[in-house]
Amino acid sequence: MLVLGILRRTQWIPLRRSLAHFRGAVSRNLSPKQNLQVSGLRFETTSPKPNPYASTNPPPRFAYPERLCIYHAGTGRVTFLACLKLSTIFIFVFFGFVATPIYIEQEGLSLTVLRTTLSAIVPLVFVAYTSKPFVTFAHMRPPPWARHSEATLRQWARAVPPDAELEITTMSLIAKPRLSRVRVADLRPPSAAARRWRIANLARDTAAANAARPWYMFRAVGLFNAQSNTVARVPWVWESIVGAVERGRV
């Protein structure tokens, strides 16, 4: 193999020298103007060709994303509530399907059986009812012109159109996210009882949404509890919407 490599190299050396000598002779026989023309042709053949279908206009740059998060309840609160919901399910299963049947078998229908039954049902029902309106996230899709800068977004937020859509995320009984799409015009202040117990600060009419759902689906969320915003970038968007709803300007 070493001998074959040496033979190939010795064969290529004279050929390379002859090619170089030929190129030098051609360049010496041409005038300087012709040498420039040859160099230009060589550059045109080796340079990449421009793509005629490529767009010359750069895409517009936005200061805010298309789907803007305007409300977040906080990671700690969301995690705590999710663990609380799951804990009440475990408590219901233990007292309802383990402890209560044992006491029924030993004592029959007694006061202890009533206590274990209430211990299974009351925490589950209470947590499910009071935490159903809890809002974890809220997103909006501002128009493109409002996403260019903070000034344009503030201008749009001061007069949010009534048909602007909110994507409000709550939690189900098993801590699964539930997305509700609500128009700003459909929001209104909640009832006096909900405000008194601080269960919710926003409400909507769910009659039309429930009529369009099959019987086996969960009912639409009608109350929303979004009172502690931790969004650091654009908290004033949510404040503008809530303020407009409370003043009845949407």
Side-chain angles (χ1 to χ4, degrees), residues 67 69-139 165-182 186-232 238 242 245:
R67 189 170 183 263
C69 181
I70 60 174
Y71 178 87
H72 183 212
T75 305
R77 297 181 65 198
V78 173
T79 305
F80 172 78
L81 185 59
C83 294
L84 182 63
K85 284 175 173 286
L86 295 176
S87 299
T88 56
I89 294 175
F90 292 141
I91 292 173
F92 173 78
V93 171
F94 174 75
F95 282 98
F97 296 96
V98 178
T100 302
I102 292 176
Y103 284 112
I104 290 177
E105 185 179 355
Q106 293 177 354
E107 302 178 7
L109 296 178
S110 61
L111 187 60
T112 305
V113 173
L114 178 62
R115 291 197 190 101
T116 56
T117 303
L118 293 177
S119 299
I121 296 175
V122 171
L124 182 68
V125 174
F126 177 78
V127 172
Y129 177 75
T130 56
S131 64
K132 183 180 179 180
F134 181 79
V135 177
T136 57
F137 298 96
H139 295 80
E165 189 177 65
L166 283 165
E167 297 178 359
I168 302 177
T169 305
T170 55
M171 277 195 290
S172 65
L173 181 63
I174 59 175
K176 180 182 177 182
R178 292 188 63 185
L179 183 64
S180 303
R181 290 184 170 87
V182 186
D186 296 336
L187 294 174
R188 54 179 175 79
S191 61
R195 290 197 304 269
R196 186 182 304 113
W197 297 100
R198 294 183 62 85
I199 296 177
N201 63 330
L202 294 173
R204 65 161 175 168
D205 187 8
T206 59
N210 291 330
R213 296 189 176 197
W215 61 270
Y216 54 84
M217 289 186 64
F218 288 107
R219 301 296 90 184
V221 181
L223 296 175
F224 300 103
N225 182 11
Q227 305 184 50
S228 179
N229 192 5
T230 62
V231 170
W238 179 255
V242 174
V245 171

Sequence neighbours left out, cut at 3.5 Å: what donor-acceptor pairs do the side chains of residues 83-103 make with other protein atoms?
{"residue": "K85", "atom": "NZ", "partner": "S131", "partner atom": "OG", "Å": "2.8"}
{"residue": "K85", "atom": "NZ", "partner": "S172", "partner atom": "O", "Å": "3.3"}
{"residue": "S87", "atom": "OG", "partner": "C83", "partner atom": "O", "Å": "2.7"}
{"residue": "T88", "atom": "OG1", "partner": "L84", "partner atom": "O", "Å": "3.4"}
{"residue": "T88", "atom": "OG1", "partner": "K85", "partner atom": "O", "Å": "2.6"}
{"residue": "T100", "atom": "OG1", "partner": "F95", "partner atom": "O", "Å": "2.5"}
{"residue": "T100", "atom": "OG1", "partner": "T116", "partner atom": "OG1", "Å": "3.1"}

Looking at T230, is its backbone amide N or carbonyl O close enough to the side chain of Y71 to form a donor-acceptor pair, meaning the two atoms are under 3.5 Å apart? no
Any sub-3.5 Å donor-acceptor pair from T169's side-chain atoms to T136's backbone N or O? no
Taking every non-hydrogen atom, the tightest pair across R219 and N210: NH1-O, 3.3 Å
Test item: R204 side-chain N/O and V221 main-chain N/O as donor-acceptor pair under 3.5 Å: yes
Which value, rounded to the nearest 0.5 Å, describes the distance between R178 atom CZ and K132 atom NZ? 6.0 Å
Looking at CG of N229 and CH2 of W238, how far apart are the two atoms once the value is rounded to the nearest 0.5 Å? 8.0 Å
Would you indicate whether the side-chain heavy atoms of L173 and F218 approach each other to under 4.5 Å? no
For a 4.5 angstrom cut-off between non-hydrogen side-chain atoms, does V78 reach T75? no
Is the backbone N or O of N201 less than 3.5 Å from a side-chain atom of N225, with the two atoms forming a donor-acceptor pair by type? no
Work out which heavy atom in L223 is nearest to a heavy atom in P190; give both atom names and the distance. CD2-CB, 4.2 Å
In Å and rounded to the nearest 0.5 Å, what is the CD to CZ distance from E165 to R181? 6.0 Å
To the closest 0.5 Å, what do you measure between CZ (F134) and CZ (R77)? 4.5 Å
Is there a donor-acceptor pair closer than 3.5 Å between any side-chain N or O of D186 and the backbone N or O of D205? no
How close do A209 and A220 get, counting heavy atoms only, and between which atoms? CB-CB, 4.0 Å
Would one find more than 12 heavy atoms of other residues, nucleotides or ligands at under 6.0 Å from atom CG of L109? no
Take L114 and L111 through the side-chain contact (heavy atoms from CB on, under 4.5 Å) test and state the conclusion after the steps. CA-CA 5 Å; L114 178 62; L111 187 60; 4.2 Å; yes
